[in-house]
Undergrad: 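Okay, here's the structure, questions in a sec.
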Amino acid sequence: MSRAKQFWLMKSEPTVFSFDDLKARHLSTDHWEGVRNYQARNYMRQMKKGDLVLFYHSNCETPGVVGTAEVTRETYPDHTAFDPLSNYYDPKSKPDNPRWFMVDVKWKEAFLGMVTLTEMRRTPELGRMKLMQKGQRLSVMPVTKEEFEKVRSLGMTK
DNA sequence: GCCAACGTTGGC
DNA sequence: GCCAACGTTGGC
């Protein structure tokens, strides 16, 4: 019997890498590079193939969830940490002892309309989401199955 | 652009 | 190990 599917929220700045950018990639799939926070990294290392992701646009005019993605490859070293020319270079991460990791995600479904942060805050069932907690800034965080499905249903009933 | 809330760094 | 200084995130 396979393990239960898990659910996540991943943030990306749309001017850097948007949901449409993911869709436009070969096979609508890309690696999730650049996570440089230990807690977010640890969550990412728990991700399993088939887990579903809420794709969140952050640090933009209207932050919110724009659609869903699926984990297609589990944790492996983030090679951008080894590249001195990368914005994500970290000399303390070595190929023989990597500090940072990534997963691959595949674009899955665009919502009919964005579920904005404001709208999520107004939704009682989403009140306990980590995203709502003051001061939390993780770019990768778990959500419950119920939260995932609530956000998706809001996004698909626009 | 502002700034609250973190996380990280490094001197001691 | 403490903690001040600094850097980053991300909503507003």
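Any value given below was found using the heavy atoms of this structure, including those in side chains, with hydrogens, waters and symmetry copies removed. Chain identifiers are assigned alphabetically (A, B, ...) following the order of the sequence lines, protein sequences preceding nucleic acid strands; residue numbering begins at 1 within each chain.
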Undergrad: Using whole Å, report how far OH of A/Tyr38 lies from P of B/dG7.
TA: 13 Å
Undergrad: Please tell me if A/Tyr56 has a side-chain N or O lying less than 4.0 Å from either OP1 or OP2 of C/dG11.
TA: yes
Undergrad: Return the residues of residues 123-139 of chain A meeting this criterion: a heavy atom under 4.0 Å from some atom of DNA chain B. Order them by number, or give none.
TA: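 DNA chain B contact set from residues 123-139 of chain A: A/Lys134, A/Gly135, A/Arg137.
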Undergrad: Please report the distance, rounded to the nearest Å, between CD in A/Glu61 and P in C/dC12.
TA: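 Going from CD in A/Glu61 over to P in C/dC12 covers 13 Å.
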Undergrad: Whether A/Lys11 contacts C/dT9 is assessed here as follows: a side-chain N or O lying under 4.0 Å from the phosphate OP1 or OP2. Is that the case?
TA: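 So the side chain of A/Lys11 is outside the cut-off, no N or O lying under 4.0 Å from OP1 or OP2 of C/dT9.
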Undergrad: To the nearest angstrom, how far is A/Asp90 atom CG from C/dT8 atom C1'?
TA: 15 Å
Undergrad: For A/Arg36 and for A/Asn59, locate the closest nucleotide of DNA chain B by heavy-atom distance; then report the residue assigned to the nucleotide nearer the 5' terminus.
TA: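 It is A/Asn59 whose nearest nucleotide is closer to the 5' end.
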Undergrad: Pairs under 3.5 angstrom only: tabulate donor-acceptor contacts from the side chains of residues 121-137 of chain A to other protein residues two or more places apart or in another chain.
TA:
unit_1	atom_1	unit_2	atom_2	d
A/Thr123	OG1	A/Glu119	O	2.7
A/Glu125	OE2	A/Lys150	NZ	3.4
A/Gln136	OE1	A/Leu138	N	2.9

Undergrad: Determine whether more than 12 heavy atoms belonging to other residues, nucleotides or ligands lie under 6.0 Å from atom NZ of A/Lys23.
TA: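 Atom NZ in A/Lys23 is not packed in, count stays at 12 or less.
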Undergrad: Please determine whether side chain to side chain contact (heavy atoms under 4.5 Å, CB included) holds for the pair A/Met10 and A/Phe55, giving the CA-CA distance in whole Å, both sets of side-chain angles, and the decisive distance to 0.1 Å.
TA: CA-CA 5 Å; A/Met10 298 176 90; A/Phe55 197 112; 6.0 Å; no
Undergrad: To the nearest angstrom, how far is A/Asn87 atom CG from C/dT9 atom C1'?
TA: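 Distance, rounded to whole Å: 16 Å.
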Undergrad: We want to know whether A/Arg36 and A/Ser93 form a side-chain donor-acceptor pair, criterion being a heavy-atom distance below 3.5 angstrom.
TA: no
Undergrad: Out of B/dT9, C/dG11, B/dT8, which has the shortest distance to the side chain of A/Pro63?
TA: C/dG11
Undergrad: Hey, mind stepping through A/Phe101 and A/Asp78 against side chain to side chain contact (heavy atoms under 4.5 Å, CB included) and telling me if it holds?
TA: CA-CA 4 Å; A/Phe101 293 82; A/Asp78 183 340; 5.5 Å; no
Undergrad: Of the options B/dG7, C/dG11, B/dT8, whose atoms approach the side-chain atoms of A/Gln39 most closely?
TA: B/dG7
Undergrad: Assess, by modelled atom type and distance only, whether the side chains of A/Asp83 and A/Thr80 contain a donor and an acceptor separated by less than 3.5 Å.
TA: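 No - no donor-acceptor pair under 3.5 Å links their side chains.
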Undergrad: Between A/Met141 (CE) and C/dT9 (P), how many Å, whole number?
TA: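 Taking atom P of C/dT9 as the reference, CE of A/Met141 is at 14 Å.
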